[in-house]
Amino acid sequence: MKLALISGDGLPVSGLLTIFRNVIESELGNGSLELPVVADLGFSWRPDKQHFFPRGAEHSVYPHWMSTSDAVPVDAGRTELMRELTRIRSAVARADTLDDEERAELRRGVESLAGPYEEYFTRWFEEHDVDWVCAVNMTLSDAVPVTLGLHRAAARRWPPGVPGGVLFWDHDLFGTCAIFEDGARVYPASPNEFTPVPGTHPCHRWAVISPALADEVKGYPTELEATTLPNVLPALGPPEPADRHASFLAQHRLAPDRPLLLVPVRVFQVKGVEIAVSMFAEMKRICEERGTPAPCLLVFGSLAEDPPYARKVVSVVQELNVQDDVVFLDGVPLSSHQDGEGRWRLDEIDLLGLCRDSGGAVLFTPNTSDVESVGLGPALAAIAEVPCAVTEYACFEDIYGTRSSCVRVRDSTDIPAAADRLLDLMAKNQQGDFTVREALKRDKEQVLRSFDPNPWRKLLQEMANEVSDSGSEGNTNGKTNGTDIGTSY
């Protein structure tokens, strides 16, 4: 089975890609995938990710099994394209306020960009002989013309009776992704006439990552049901000596006896990195009072993704005078590697191993309660069997239950007490305290049940069987060769 990936994030590394990495690498030994997986990571249609628009970062490194595209299907200047994509996204979000003339103008703008993307995806599918496309977070209205082009290209590639198609895999949806910019909602609260949703063609499948998102889908204007596919977590092995770990610590001037605190999020406005920094500063103060080694804070995300928010976070770091103890990792790569200067860039698995071996912890501190649909920080802490501190967000107990050992940070006034509790848990974990160790093991067992990889394995096998069974019957994965199978609003 030849698999392609289309990601709506517009970033070279993100939580979506990390989870996709976990899915693929858990499947590599089963022989169902034809490598490489070809990928378009959305660089050309996310002008809000300016540092990576429109061709991605210059020196990104991807796993051996992934081949990425840097195509820019629309023949327009960078500034002009940014302006038009931004205008369309904004207009789609406030579609219910538009008059007839504005709606007609919006439709013209969408169509003018949907055409080039339809042709691009059609050629891309043919060039790589793609059987299935995994389209991640393409239901949201970050780039309606691209989603519309994808729907139309898929209908051309996989008409009724031809095996294969598109698996729409959504981590966020309209109602549960209440992100605001300049006081305005980035996405409409529900689909509208301009937002294509899965189910417009028989070649569509749909998966979401939580029961809450599956419930939201039931109210969408489509007959296609979404199945729930839990996120797949990385496999973390036992401690082992690793020269790259020692080199990584040395290049960041981190003493081996310092606990590492991980903040496994992007530096993006709703992720609450400033809260993690404030809690870290309090933990450092307490350590100084106790005479114990102060931890170091490692933030996964890139400062280039959301520059205004990044400036706010850096300002908090400087105000609290912890700049010598905070490391921004500039986007954690999908695979550990040495960059062009010989410096190690570690992936999530290596960083979790370092955190565990150092007696560290995870801070997961969203500053908005109604954006996270799962929130993987507590899960990553659980598989590493390290403590975790978490702020309040709506779906936490739905995902992790009420018995989680996570330190709950109720509000800003709770930070000093939460910092003290977390340090106590870290110390007891290092000392082998039975009660703490058992609580962390229970967290891990619960998380492994909740994030079961078997539904993904079963689905991939079904998709592979559909293609191979058709091939054995003499069918080919053909194209319509110009047949007009359009997808309208």
Side-chain angles (χ1 to χ4, degrees), residues 18 233-265 273 276-277 279-301 317 322-330 332-333 336 343-365 376-390 405-407 418-434 436-441 443-444 447:
T18 301
L233 300 174
L236 187 63
E240 58 179 280
D243 290 343
R244 64 182 179 275
H245 292 178
S247 297
F248 174 85
L249 293 175
Q251 73 194 26
H252 290 291
R253 299 179 181 178
L254 302 175
D257 66 338
R258 297 186 68 180
L260 298 183
L261 302 176
L262 303 186
V263 183
V265 299
V273 180
V277 171
M279 185 163 176
F280 167 67
E282 188 64 23
M283 294 174 73
K284 183 182 176 185
R285 183 192 64 78
I286 295 171
C287 286
E288 290 172 352
E289 289 181 352
R290 294 181 180 182
T292 57
C296 178
L297 193 72
L298 305 184
V299 181
F300 280 25
V317 169
V322 291
Q323 57 268 28
D324 293 337
D325 304 290
V326 177
V327 178
F328 293 97
L329 295 173
D330 194 30
V332 169
S336 294
R343 293 169 60 86
W344 275 103
R345 301 198 64 216
L346 299 186
D347 63 15
E348 178 182 82
I349 299 168
D350 272 329
L351 290 167
L352 285 171
L354 270 174
C355 175
R356 174 193 60 196
D357 299 344
S358 72
V362 170
L363 304 184
F364 186 73
T365 56
L376 281 181
L380 297 177
I383 63 171
E385 295 186 53
V386 299
C388 180
V390 60
S405 71
C406 287
V407 173
D420 193 69
R421 293 198 300 272
L422 185 61
L423 284 169
D424 284 345
L425 285 176
M426 291 164 59
K428 290 178 180 179
N429 187 36
Q430 274 292 81
Q431 295 160 6
D433 181 272
F434 177 81
V436 170
R437 286 282 179 91
E438 286 300 304
L440 294 175
K441 286 180 181 178
D443 287 351
K444 182 176 182 178
V447 159

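- A distance of 13.0 Å separates CZ in R345 from CG in D350, rounded to the nearest 0.5 Å.
- In this structure, L262 and V386 have side chains that are not in contact, with every pair of non-hydrogen atoms separated by 4.5 Å or more.
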Inset, instruction - Mind running side chain to side chain contact (heavy atoms under 4.5 Å, CB included) on L329 and F248 for me, showing each step along the way? - result: CA-CA 11 Å; L329 295 173; F248 174 85; 3.8 Å; yes
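- E385 contributes no side-chain N or O that, together with a main-chain N or O of K444, makes up a donor-acceptor pair within less than 3.5 Å.
- Considering all non-hydrogen atoms of both residues, P293 and C287 come closest at O-SG, 3.8 Å.
- Looking at L249 and L260, their side chains come closer than 4.5 Å, going by heavy atoms from C-beta outward.
- Contacts classified as salt bridge (charged side-chain N to carboxylate O under 4.0 Å, His left out) and involving residues 252-261 (residues at least two apart or in different chains) are given here: R258-D325.
- Counting heavy atoms from C-beta outward, L346 and H245 have side chains that approach closer than 4.5 Å.
- Contact of the F280 side chain with the V299 side chain is not registered, since no non-hydrogen atoms from C-beta on lie closer than 4.5 Å.
- To the nearest 0.5 angstrom, L261 atom CG is 7.0 Å from L422 atom CG.
- A439 and S405 get closest at one heavy-atom pair: CB-CB, 4.1 Å.
- For the pair V317 and F328, the minimum side-chain heavy-atom distance is below 4.5 Å.
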Legend entry - Working for side chain to side chain contact (heavy atoms under 4.5 Å, CB included), residues L440 and D443: CA-CA 5 Å; L440 294 175; D443 287 351; 4.2 Å; yes
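- Side chains of L380 and C388 form no contact here, defined as non-hydrogen atoms less than 4.5 Å apart.
- In terms of heavy-atom proximity, V390 sits nearest to C406 at CG1-CB, 3.8 Å.
- Checking K428, M426, R421 one by one against P387, the side chain to side chain contact (heavy atoms under 4.5 Å, CB included) holds for a single residue, M426.
- Between D420 and R290 a salt bridge is recorded (basic side-chain N to carboxylate O distance below 4.0 Å).
- For the residue pair E348 and F300, the shortest heavy atom distance occurs at CG-CE2, 4.2 Å.
- The two residues L352 and P234 make their nearest non-hydrogen contact at CD1-CG, 4.4 Å.
- Between the R437 side chain and the N429 main chain, a donor and an acceptor come within less than 3.5 Å of each other.
- Here the closest non-hydrogen pair linking A294 and K284 is CB-CG, 4.0 Å.
- Residues L233 and L376 form a side-chain contact, since some pair of their non-hydrogen atoms from C-beta on lies under 4.5 Å apart.
- With contacts defined as side-chain heavy-atom distances shorter than 4.5 Å, the pair L297/L363 qualifies.
- Here E282 pairs with R285 in a salt bridge; the nearest charged N to carboxylate O distance falls below 4.0 Å.
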